[in-house]
Amino acid sequence: MVNWIIKKIVGSKNQREIKRMRPIVDRINEIEQQLQSLSDDALRAKTDAWKQELAKIEDLNEQQAKLEEILPEAFAVVKNAARRLCGRTWDVCGNPVTWQMIHFDVQLIGGMVLHDGKIAEMATGEGKTLVATLPLYLNALAGRGAHLVTVNDYLARRDAEWMAGLYGFLGLTTGCILHDQTPQVRREQYLCDITYGTNSEFGFDYLRDNGTASTREAQVQRGYHYAIVDEVDSILIDEARTPLIISGPASVSTHQFDRFKPLVDQLVRKQSTLCNRLASDAKELLEQGKSEEAGRLLFKIKLGQPRNKQLLRFMEDPETRKMIDKSELSFYGDARKDALYELREELYFIIDERAHEADLSEMGREYLNPNEPDAFVLPDLISQFAEIDVNREFTDAQKAEMKAKAQEHMDRQGERIHNISQLLRAYCLFEKDVEYVVEENKVVIVDEYTGRKMAGRRWSDGLHQAVEAKEGVQIDRETQTMATITIQNYFRLYYKLAGMTGTAETEANEFHDIYKLDVAVIPTNRPCVRMDYNDFIYKTRREKYNAVVNEIKNAHAKSQPVLVGTASVESSEVLSRMLKREKIPHSVLNAKFHAQEADIVQRAGQPGSVTISTNMAGRGTDIKLGPGVFEAGGLYVIGTERHESRRVDRQLRGRCARQGDPGASRVYVSFEDDLMRNFGASDRMTKIMERFGLEEGQELEHPWLNRSVENAQKRVEQRNYLARKRTLEFDDVMNKQREVIYGYRNEVIHSDEPRPMIYEVIDEAVPAKVEEYVPPGDGLEPNYDGLLNWVNTTFPLGLSDEKAGFRGKSAEEISDFIIEKLKHAYELKASHEEDLAVRAVERHVILNAIDRLWQEHLYAMDSLREAVYLRAYGQKDPLVEYKTEAYQMFVELMGSIKNEVLHNLFRSTSNLMAFEQFLSKLPQFLISQDNPQAGTSTTSSGMPMPQPAAPAPPDPEMQLPLRREVPKAGRNDPCPCGSGKKYKNCCGRMA
Ligand code: ADP
Ligand code: MG
């Protein structure tokens, strides 16, 4: 019956594959025949039965096996539904369309290839839209969503509305993601059984869900199960180099650094003057032989300005050096800690070169803000809260307000302390032309080990901005990347991926190597009778265009429609001008207005019509021939240039002679074309041309000239492939990091109890910090004061030296001590607040830290990527450099995130306010989770489609007031209400 298989020779492996499917095609058709006697309802009932059966299988692979098993019957069901629909009419993009399609055998084969997770190459007009319905229906039965990805919004909507009639008939819902939809509408679309949309809408939703959404309710997608990418070559190859980017206003506030810079500048100068005076004093003392006193002064300089020039000169002399060391050692003895404290207080600030820290002293604080000596110390918030609580004069509302004020005050202090200390570090620990250089108004880090400039790297946590402020170079960034992913990496998320296009074969290697996608070439339904003529080759562009216009004139004269393909908008315009001069009516398409262009392209097959179009324009729209065109030879496709890739030429040629129609194609080439000039084909050809003595306006034509041009194309294809592969290798580095960060983020968003995550951060970050001050191993002096200072400026613990008792203890003991105090204080603070709110704030604190620092990291990674290319000149492999440094930066990032969480742990009420505001806006985004079928908005088919659900009731948990009167009890105590549950699980949560 179907002898096209034997006729079509498409490579033996492919042929075998197709042959293997033959019996299944027969089986599908057999079943379909039997189905014809069923009632509509009985046919539809199959959908539900399968759905229920598949819902019971949890394992994805087992589910696939089941799908494989029911494939013939499911395909038959879809085909049978298509048969029943014939003659029915519904609206597609505002126009009534009458259904007239029943799946051809080749379409069933295409459907199987797509179900297998491969690319089905099917020529234009073979009905790929209909082919996709088979595997989409089958895979949607698994209940995890099935996606169809298109190149533009118009096609997404057209195909969704067109095919929704079929899916709806079978009891499946259809959604469509469009550009201007709200999150709520989007989520409804994703909850449909089958969802259409463009690659960028899918990709951006992924980025928003994982990179910027901060609650479960704000996320719209529900996993990545099965996707078919239509026009797969254009999405995975042509668009491969431009990543999707969500950007937003820069989050790092820089004005603070600007504001404090003059102050810190003065302070540093003050200290410098002080240290210089100390140095002269020391010199005098030395001359008088008072070496002990001199030693004390020099040690003081070392604390205050370790890189003081005179101090460094003193240090050159071994005798003096010994003296300073001796003095230093004596101060670290327990007995002299008061003396050390005194010594430190004689300076404005103290520098710890080893820990890379700088701390203000009392004197420094007073200097910076004489009227408010506590401006740079964190208040003891816990005591403040306790005091507020025991005071009976205030109402609860007043108390809450007072606490909020205290918290806000602390936030401001915290920010100020952080800014000042980063500026101090920038001034005292980072020296221009040593740690960094200033180039082109940028601060460029210098690698401390190699001395190499690390263009593009940035210090984190505001330090880089502080150095920029110090140097007076531009520090504000207007926008920054918040989230980014390449299309490729988005599609790699899917459990199963498939694709379809008219042109994949030439890129089969790339699809296989990069996406693990095999290409299967599906024979056409009817034999293709298109005439592909040899290229016409001219000396100059002008001659070429003249010849093209003449050819169009000829065709137009006999009413044969012409589709002219150009490589650029510019050459479209040139041609258009020439045709106007000849008074030939025509339309021009530039792939800008998809819907209108689709309309024009649809009419490109009418007698006498002339359509000029760039490559992408009107793609996906079928050109049907008008009356009389058959006789005139069908649609004539003229290429005005060979494209860099053969695939794109094939795509253009494929626009004509669909479904066995007549049609012809010819490409016009000139030696002035980019491809011919740049890729070597012309040298040999010039010789030929000379031999043939080509005259003005005359063309060259020979089959092996075509081959010569194609070889040039192959070379470019190869080069472009390598470039894309390279891009992807770079992106892979980022992709791994993104997976870790997004995984962490999602864990936070979805955790009901974020407290353990907070504690995990404490448990990891505190010991790391303590070790900076109290280094393990011998030989390095512990800096207990610095540590205490850090504790007291980071946490509202108000630890005195005595209470802390760090001296003489091991790093581990100290860490344990701080961690315990910290957790205790935190429990106390949390117990004063409403449980649900505390959890929301805890999530917020971690998310905030992740987002802010991840964005900085993205920025740094971007710059790094640019920078490593320069290193290629130094015989270094940029990719290796990039990987190594990116890894290092990522390790730093994780550390910074933890530190930031620590920093913000106790400063959260103001965050809470922002969060409350956010929550008040939330209900409009909420959607009931129990109603996954909630409405589709894209179909208007008159089919039994589900109606949009009534607005879902907001989640009761989210509606709770954030602060309210709750009976007092410990979180783990039995609830006072007598329910027998733990308090935290009862009134403590739901009061
Ligand atoms: P492709 O995407 O493969 O280029 P389309 O899905 O746009 O093709 O379909 C091209 C045309 O073929 C459509 O107008 C459609 O109505 C028609 N068509 C597809 N399949 C069938 C079929 N089985 N029977 C009749 N017409 C079909
Ligand atoms: Mg199509």
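When a ligand or atom number is given, it counts from 1 through the structure's own listing order.
- Looking only at distances, a side-chain donor or acceptor of Lys79 sits under 3.5 Å from a matching main-chain atom of His103.
- With ligand atoms numbered from 1 in the order given, ligand 1 contributes 20 (N), 23 (N) to contacts under 4.0 Å with heavy atoms of Leu130.
- Heavy atoms of Arg658 approach ligand 1 to within less than 4.0 angstrom.
- Within the listing of ligand 1, atoms 25 (C) sit less than 4.0 angstrom from a heavy atom of Gln100.
- Polar contact check, Thr124 against ligand 1: no nitrogen or oxygen pair lies under 3.5 Å apart.
- Per-residue contacts place Ile102 under 4.0 angstrom from the following atoms of ligand 1 (heavy atoms of the residue considered): 22 (C), 23 (N).
- Proximity of the aromatic rings of Trp90 and Trp99 is defined here by a centroid distance below 6.0 angstrom, and this criterion is met.
- Note: an N/O pair closer than 3.5 Å links Gln107 and ligand 1 by distance alone.
- Residue Lys624 places a heavy atom less than 4.0 Å from ligand 1.
- Between His147 and Tyr224, the gap from one ring centroid to the other reaches at least 6.0 Å.
- Heavy atoms of Met122 stay at 4.0 angstrom or farther from ligand 1.
- Put simply, part of Ala123 is less than 4.0 Å from ligand 1, judged by heavy atoms.
- Regarding atom 15 (C) of ligand 1, its nearest protein heavy-atom neighbour is Met101 SD, 3.6 Å.
- Not a single heavy atom of Trp99 sits under 4.0 Å from any atom of ligand 1.
- The one candidate from Glu710, Gln651, Glu717, Glu505 that meets the side-chain hydrogen bond (donor to acceptor under 3.5 Å, both in side chains) condition with Arg646 is Glu717.
- Counting atoms of ligand 1 from 1 in the listed order, those under 4.0 Å from a heavy atom of Lys128 are 1 (P), 2 (O), 3 (O), 4 (O), 6 (O), 8 (O).
- One N or O on the side chain of Ser609 and one on the backbone of Ala604 form a donor-acceptor pair closer than 3.5 Å.
- A side chain to side chain contact (heavy atoms under 4.5 Å, CB included) with Tyr196 is found for exactly one of Ile228, Ile177, Thr174, namely Thr174.
- Side-chain N/O atoms of Asn509 and Tyr721 include no donor and acceptor closer than 3.5 Å.
- Considering Arg530, Arg650, Arg653, Arg655 as possible partners of Ser665, the one that fulfils the side-chain hydrogen bond (donor to acceptor under 3.5 Å, both in side chains) test is Arg653.
- When only non-hydrogen protein atoms are considered, atom 11 (C) of ligand 1 lies nearest to Asp622 OD2, 3.0 Å.
- Here Arg666 contributes atom CZ and Tyr668 contributes atom OH; the two are 5.5 Å apart, rounded to the nearest 0.5 Å.
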